[in-house]
Novice: 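Got a structure here, written out as structure tokens. Questions coming.
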Amino acid sequence: MSTGYTAAIADGISFEQFVMRCARGMGALVMMREYPMDAPIPERFEPSDYHVRKLEEANAALAKLRAMSFDEANAAAREAFAAEVKSNDEAIAQIRALRAKYEAMLAQVRAWTPPTLDHENFKRFMTEQLTESIWFDCNEDYYQEHQPKPKTGEQWLDDQIAAAMCDVGYHTRKHAQEVERTESCNNWLHSLRASLAN
């Protein structure tokens, strides 16, 4: 049985074409895995600009934070606290609504009379599924224990600057890794092409 790599041999592809088709299965060309088999392999790959864009965003956010006035930081801290309280309250409300649905279903299961003795285990199974789901999905302890706490503008600003600096470092490292990985792929591809030219 032919594979995606060997099917074109029946049509008379060359050794070089076969090699380049098979190269798509190697790590160096993994970025082409979603492309059709007959899509041309470029001479060179370019690194993704994702981390460059994210780095620009992080640097812009950092500059904006560093330029914030005391009043702006205080207002932002109040807004952030209000948003955290709202998010926490919504999470608790969702947990409680889900618990009510699970408990209503559990009450129906418990009230249900199995039609035969063979259905007793089935009833136990349904009960276990619901009680385990209540235990896993409906625990609001985390949200109760981690109630948002208001911060001063200075505290909020320090936290935001630290987070932005982490983003800058992260995207700087990731972009460097992307450039290195892309260059490694390009070197692998160049060596493969050079071997076919001999």
Side-chain angles (χ1 to χ4, degrees), residues 1-10 21-39 48-51 53-55 57-58 61 76-152 155-156 158-171 173-175 177-178 181-182 185:
M1 182 173 101
S2 63
T3 68
Y5 299 110
T6 61
I9 292 174
R21 284 175 79 88
C22 288
R24 292 169 182 275
M26 300 296 103
L29 298 180
V30 72
M31 65 269 299
M32 292 192 71
R33 69 182 169 269
E34 303 297 324
Y35 290 50
M37 276 301 240
D38 59 352
S48 165
D49 68 342
Y50 173 80
H51 290 291
R53 287 183 287 111
K54 289 298 186 180
L55 181 58
E57 290 172 18
R78 285 190 300 274
E79 287 175 20
F81 175 67
E84 288 173 17
V85 167
K86 180 180 178 199
S87 175
N88 201 61
D89 290 349
E90 287 172 353
I92 290 171
Q94 287 174 346
I95 288 170
R96 289 178 180 170
L98 182 59
R99 177 183 284 275
K101 290 176 183 178
Y102 282 161
E103 288 177 349
M105 186 64 68
L106 183 57
Q108 291 179 56
V109 169
R110 286 181 174 152
W112 178 64
T113 303
T116 69
L117 288 176
D118 288 340
H119 290 88
E120 289 291 332
N121 283 335
F122 179 55
K123 180 177 181 173
R124 269 192 292 282
F125 173 77
M126 290 189 294
T127 301
E128 288 169 3
Q129 292 299 302
L130 288 163
T131 55
E132 287 176 14
S133 291
I134 290 169
W135 190 82
F136 282 112
D137 299 342
C138 301
N139 187 337
E140 59 186 75
D141 290 350
Y142 173 84
Y143 296 100
Q144 295 295 351
E145 293 167 7
H146 295 88
Q147 289 286 331
K149 293 175 180 49
K151 296 179 182 178
T152 66
Q155 291 168 326
W156 177 87
D158 287 346
D159 290 349
Q160 295 301 305
I161 288 173
M165 289 174 68
C166 280
D167 287 348
V168 167
Y170 173 81
H171 291 295
R173 282 189 310 280
K174 288 299 185 180
H175 176 65
Q177 291 169 355
E178 171 73 11
R181 186 173 35 256
T182 302
C185 291

Novice: How long is the span from the CD atom in Glu128 to the CG atom in Asn121, to the nearest 0.5 Å?
Specialist: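 With rounding to 0.5 Å, CD (Glu128) is 9.0 Å from CG (Asn121).
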Novice: So, do Gln147 and Ile92 sit near enough that their side-chain heavy atoms are less than 4.5 Å apart?
Specialist: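 Touching, per the 4.5 Å side-chain cut-off.
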Novice: Which value, rounded to the nearest 0.5 Å, describes the distance between Met26 atom CE and Leu29 atom CG?
Specialist: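 Answer for the CE-CG pair, Met26 versus Leu29, is 9.0 Å.
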Novice: More than 12 foreign heavy atoms under 6.0 Å from NZ of Lys123: is that the case here?
Specialist: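 Atom NZ in Lys123 is crowded, with more than 12 foreign heavy atoms closer than 6.0 Å.
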Novice: How close do Cys185 and Ala28 get, heavy atom to heavy atom, and via which atoms?
Specialist: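 That closest heavy-atom pairing would be SG-O, 3.2 Å.
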Novice: How far does OG1 of Thr131 sit from CZ of Phe136, to the nearest 0.5 angstrom?
Specialist: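 Answer rounded to 0.5 Å: 10.0 Å.
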Novice: Using 30° and 60° as the class boundaries, would you call the ring planes of His171 and His51 parallel, tilted or perpendicular?
Specialist: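 The arrangement is tilted - the two ring planes meet at 30° to 60°.
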Novice: Might you point out which heavy atoms bring Ser48 and Glu178 nearest each other, and give the distance in Å?
Specialist: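 Looking at all heavy atoms of both residues, the shortest contact is N-OE2, 3.0 Å.
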Novice: Starting at CD of Gln155, measure out to NZ of Lys149 and round the result to the nearest 0.5 Å.
Specialist: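 Interatomic distance, Gln155 CD to Lys149 NZ, rounded to 0.5 Å: 12.0 Å.
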Novice: Would you mind reporting whether Thr127 and Leu106 have side-chain heavy atoms less than 4.5 Å apart?
Specialist: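 Leu106 vs Thr127: side chains touch.
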Novice: Does a sphere of radius 6.0 Å around CE in Met126 hold more than 12 heavy atoms from other residues, nucleotides or ligands, not counting ones at 6.0 Å or beyond?
Specialist: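 Result for CE/Met126: enclosed.
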Novice: I'd like to know whether Thr6 forms a side-chain contact (heavy atoms from CB on, under 4.5 Å) with Arg21, so could you lay out the CA-CA distance, the side-chain angles of the two residues, the decisive distance to 0.1 Å, and finally the verdict.
Specialist: CA-CA 9 Å; Thr6 61; Arg21 284 175 79 88; over 6 Å; no
Novice: Would you please test His175 and Leu55 for side-chain contact (heavy atoms from CB on, under 4.5 Å) and show each step?
Specialist: CA-CA 9 Å; His175 176 65; Leu55 181 58; 5.7 Å; no
Novice: Could you state the interatomic distance from CZ (Phe81) to CD (Glu84), rounded to the nearest 0.5 Å?
Specialist: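 Between atom CZ of Phe81 and atom CD of Glu84 there are 8.0 Å.
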Novice: Over 60° means perpendicular and under 30° means parallel, so classify the ring planes of Phe122 and Phe125, tilted if in between.
Specialist: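 Plane angle under 30°, so parallel.
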Novice: Just verifying a value: how many Å separate Asp158 CG and Thr152 OG1, rounded to the nearest 0.5 Å?
Specialist: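 Result: 7.5 Å between the selected atoms.
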Novice: Taking the side chain as every heavy atom from C-beta outward, state whether Gln94 and Leu98 have any pair of such atoms under 4.5 Å apart.
Specialist: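 In short, these two side chains do not touch, never coming nearer than 4.5 Å.
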Novice: If you apply the rule side-chain contact (heavy atoms from CB on, under 4.5 Å), what do you find for Arg78 with Trp156, and how did you get there?
Specialist: CA-CA 9 Å; Arg78 285 190 300 274; Trp156 177 87; over 6 Å; no
Novice: What closest approach, in Å, do Tyr5 and Cys22 show between heavy atoms, and which atom pair accounts for it?
Specialist: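 Nearest heavy atoms, Tyr5 then Cys22: CD2-CA, 3.7 Å.
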Novice: Is it true that a side-chain atom of Arg173 and a backbone atom of Gly169 form a donor plus acceptor pair closer than 3.5 Å?
Specialist: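 Flag set: sc Arg173 to bb Gly169 pair under 3.5 Å.
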Novice: Is it the case that more than 12 heavy atoms not belonging to Tyr143 sit under 6.0 Å from its OH atom?
Specialist: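 It does not: Tyr143 OH has 12 such atoms or fewer within range.
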Novice: Of the non-hydrogen atoms in Asp137 and Tyr102, which two are nearest, and what is the gap between them?
Specialist: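 Residues Asp137 and Tyr102, closest heavy atoms: OD2-OH, 2.8 Å.
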Novice: Write down the atom of Val168, the atom of Ala58, and the distance for their closest heavy-atom approach.
Specialist: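 In this case the closest contact between Val168 and Ala58 is CG2-CB, 3.7 Å.
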Novice: Determine, stepwise, if the pair Asp167 / Lys54 fulfils side-chain contact (heavy atoms from CB on, under 4.5 Å).
Specialist: CA-CA 8 Å; Asp167 287 348; Lys54 289 298 186 180; over 6 Å; no
Novice: Taking Ser87 for the side chain and Ala83 for the main chain, is one N or O donor matched with an acceptor at less than 3.5 Å?
Specialist: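 Side chain of Ser87 to backbone of Ala83: no pair is present.
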